[in-house]
Colleague: 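If you scroll down you'll find the structure; I have some questions about it.
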Amino acid sequence: MRRLFCFFLILSALAVKAQNPSQPSWLSDAVFYQIYPSSYQDTDGNGIGDIAGIISRLDYIKSIGVNAIWLNPVYVSGWTDGGYDVIDFYRVDKRFGTNSDLVELINQAHERGIKIVMDLVAGHSSDQCEWFLQSKEAPNLRYSDYYIWPSFKPDGGYASLLSKFVATDAPRGPYYIKNFFDTQPALNFGFANPDPTHPWEQAVDAPGPMAMRRELKNIISFWMDKGVDGFRVDMAASLVKNDPDKSATIKLWKDDLMKWFGQEYPEGVLIAEWFNPAQSIEAGFDLDFFCHDGQYNYSSLFFFNNRRRPGAGSAPSGPYFDEAGNGGLKEWYDLYTYQYDAVKGKGYVCMPTGNHDFNRLCTEGRTKPEDLKVAMTFLLTMPGVPFIYYGDEIGLKQNPKAPSTDGSGFRAGCRIPMLWDGTANAGFSTAPIEKIYIPQDPDPNRMTVEKAEADPKSLLNYVRGLLKLRSEHPALGADASWRLVSFLDNPYPMVYERVKDGERCYVVINPSAKEVSVTVAPENNKPQLIGGFYKKCTYKQNRSGAAVISISPVSAAIFKF
Ligand code: NOJ
């Protein structure tokens, strides 16, 4: 009887935990830390970070309060696009170490309760990859059909794909189709509606694209069987060509790759880089990003001009998270709620603190620790799985002058090496300063992990506290419901409600330099302040019975009812 009782207890705990039964059981409590490996910690003195360096920092990583790591690509690469031009999908690049080093990282991370997620570059390879080298020679070799070789440039009706035609003098030329840079030929997963007058357009289930899928599964298995916990899938929406509504790409993932993955690796996670959760969750992904890119993005919250919504109009008066307090919430709210409502209960919309493709949080006018604490309170108390981009926990600053490195272009500014301590190169590397991967902030007062550790009021310690609070309160977690309580036409402060398992919280966010207040519907009981960063934050009933929430400048607070 007692055994039976325990069994039911476990069953019901699982039922509460897993938001969606097809998602890995650990995901709803996951907090990710993204590492761009070239910039984290160098151990061999060549000025570039490596896997041994990440292993040496695992205790620090754990101390932040995260329990999963997403690594940007570590495969053998031509380094024309930060590792996203993969030469050998089955081998770790020697700049980082060996496959055995990666297995060691996986094991050491697991010992500490940390999951490891790799980057899966599913849509393209490097032009130096042996598959491409063979494919460009002749049409009937093993890898010939892994790529797409248009024999002419069609007129009209093909606009978006035409920009991806690359002229080549290879025997299979005159063109191949790329995905991003010319050095990244697209892998051939077929075309949505092959045009019989375009002989290079193979059907999604033609032998070539089917062989490509088998190869992709092989790559996934190779690393999953070594112990990784899943993948972030680069340009996951790009696989099937001429698929404007993405229905064929969704079908490919959903009906084949996802079914297979779910059966083989039920505890593995697949994270989409799709920037449209409504589509990617439908395709079977566990979560997708809502950040700087695509139609759905959060740029109006954080940036003046950095990739705002296409067609969003003239330059904004300023981002929401700015002390000037001139920003708005409507643009973000409309896009976010569309996505949130579309995937609620099925998968997660995730707003990362940053990533390797756009400006860091600590940029433009938002460089004070107080500003960053307010932004972090927002990012770490919204629904979905949090992602902290390495260094954001100490306020690592965007370097707008960083020279393009490994094909980064302007993105070098957010890929700067980590700042650890007061030793040479801030403890990142013992190499001479001119060999450091990307120049570090030369400011002698620059924040380092060592300084942040020593200051109880540092951003780092604030983030630790927030993550602890989040883990202790179901209402602040990934699955708790979300609702905007404040008003779009009076955007400061932003107040939202989170509810889960009978617990209810209000999060109050005021990035502006003014004290602000908002009048909201009254509640039966008075809430208690349980966290945040503020000089003053009050919740009072006014004479007509409504509740007035007031908060000091540059502040954030969390109430629990
Ligand atoms: C998205 C990646 O995040 C980015 O860094 C890369 O350049 C492109 N995909 C192409 O792989």
Side-chain angles (χ1 to χ4, degrees), residues 17-24 27-28 30 32 192 230-240 243-259 261-262 269-302 307-312 320 328-352 355 378-387 475-486 488 494 496-500 507:
K17 260 202 145 12
Q19 179 212 22
N20 168 351
S22 70
Q23 108 192 351
L27 192 60
S28 51
F32 274 84
F231 296 90
R232 171 267 191 187
V233 183
D234 184 67
M235 292 179 72
S238 74
L239 302 198
V240 180
D243 183 25
D245 67 358
K246 299 291 164 199
S247 53
T249 310
I250 292 172
K251 189 166 165 17
L252 184 151
W253 281 109
K254 188 176 176 172
D255 292 355
D256 185 4
L257 299 173
M258 288 298 174
K259 265 199 189 139
F261 187 76
V269 69
L270 287 176
I271 302 168
E273 188 213 34
W274 194 305
F275 303 126
N276 190 344
Q279 290 184 343
S280 58
I281 304 300
E282 166 68 17
F285 284 91
D286 297 303
L287 56 93
D288 189 6
F289 296 109
F290 185 99
C291 49
H292 67 298
D293 211 353
Q295 164 88 353
Y296 300 93
N297 67 51
Y298 71 20
S299 295
S300 65
L301 295 184
F302 296 110
R307 305 205 204 177
R308 295 186 68 235
R309 182 184 190 197
Y320 183 76
L329 283 173
K330 177 145 177 43
E331 184 181 328
W332 165 77
Y333 177 85
D334 288 348
L335 300 173
Y336 180 78
T337 49
Y338 166 73
Q339 294 293 351
Y340 174 72
D341 291 339
V343 308
K344 205 168 22 182
K346 294 185 251 171
Y348 297 121
V349 181
C350 299
M351 290 196 287
N355 80 20
F378 168 72
L379 290 165
L380 302 180
T381 61
M382 284 292 286
V385 178
F387 279 72
L476 298 176
D479 297 326
S481 69
W482 179 87
R483 178 176 71 89
L484 188 70
V485 174
S486 58
L488 296 176
M494 156 166 46
Y496 49 87
E497 179 195 62
R498 309 279 333 266
V499 182
K500 171 112 199 276
V507 181

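Just so it is clear, the values below take in all heavy atoms, side chains as well, and ignore hydrogens, waters and symmetry mates. By convention here, the first residue in the shown sequence is residue 1.
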Colleague: Stepwise, does the ring-ring contact (aromatic ring centres under 6.0 Å, His included) test hold for Phe275 with Phe290?
Modeller: CA-CA 6 Å; Phe275 303 126; Phe290 185 99; 9.6 Å; no
Colleague: Between Tyr348 and Gln23, is the side chain to side chain contact (heavy atoms under 4.5 Å, CB included) condition met? List the steps.
Modeller: CA-CA 10 Å; Tyr348 297 121; Gln23 108 192 351; 3.1 Å; yes
Colleague: In terms of ring plane angle, is the pair Phe302 and Tyr298 parallel, tilted or perpendicular, where the classes change at 30° and 60°?
Modeller: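 Ring orientation, 0 to 90° scale: perpendicular.
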Colleague: Starting at SG of Cys291, measure out to CG of Asn355 and round the result to the nearest 0.5 Å.
Modeller: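 With rounding to 0.5 Å, SG (Cys291) is 5.0 Å from CG (Asn355).
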Colleague: Parallel, tilted or perpendicular: which describes the rings of Tyr496 and Trp482, with under 30° parallel and over 60° perpendicular?
Modeller: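 Tilted, since the angle between the ring planes falls between 30° and 60°.
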Colleague: Run the numbers on Phe378 and Trp332 for ring-ring contact (aromatic ring centres under 6.0 Å, His included), then give the verdict.
Modeller: CA-CA 13 Å; Phe378 168 72; Trp332 165 77; 5.7 Å; yes
Colleague: Look at the side chain of Trp253 and the backbone N and O of Ala236, then say whether any donor-acceptor pair between them is shorter than 3.5 Å.
Modeller: yes
Colleague: Using atom types as modelled and distance alone, determine if a side-chain donor or acceptor of Lys500 lies under 3.5 Å from a backbone N or O of Asp479.
Modeller: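 Side chain of Lys500 to backbone of Asp479: no pair is present.
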Colleague: Residues two or more places apart in sequence or in another chain: which of them pass salt bridge (charged side-chain N to carboxylate O under 4.0 Å, His left out) with Lys259?
Modeller: none
Colleague: Donor-acceptor check, side chain of Asp288 to backbone of Val349, threshold 3.5 angstrom: yes or no?
Modeller: no
Colleague: Examine distances only and state if a side-chain atom of Arg232 and a backbone atom of Leu270 form a donor-acceptor pair shorter than 3.5 Å.
Modeller: no
Colleague: In chain order, what residues pass the salt bridge (charged side-chain N to carboxylate O under 4.0 Å, His left out) check against Asp245, with sequence neighbours excluded?
Modeller: none
Colleague: How long is the straight-line distance from CG of Leu335 back to CD of Gln295, given to the nearest 0.5 Å?
Modeller: 6.5 Å
Colleague: Would the distance check show the side chain of Asp243 and the main-chain N or O of Thr249 forming a donor-acceptor pair, the cut-off being under 3.5 Å?
Modeller: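 Here the side-chain-to-backbone pair exists.
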Colleague: Hey, is the main chain of Met235 close enough, under 3.5 Å, to the side chain of Glu273 for a donor-acceptor pair?
Modeller: yes
Colleague: Does one side chain, of Gln339 or Asn276, offer a donor that lies under 3.5 Å from an acceptor on the other?
Modeller: yes
Colleague: Return the set of residues passing salt bridge (charged side-chain N to carboxylate O under 4.0 Å, His left out) with Glu282 (not counting sequence neighbours), or none when no residue passes.
Modeller: Lys254
Colleague: Quick one, Leu329 and Leu301 - any side-chain contact, counting heavy atoms below 4.5 Å?
Modeller: yes
Colleague: Does the pair Val269 and Phe285 meet the rule for a side chain to side chain contact (heavy atoms under 4.5 Å, CB included), with working shown?
Modeller: CA-CA 8 Å; Val269 69; Phe285 284 91; over 6 Å; no
Colleague: Quick one: sort the Tyr338 and Tyr296 rings into parallel, tilted or perpendicular, breaks at 30° and 60°.
Modeller: parallel
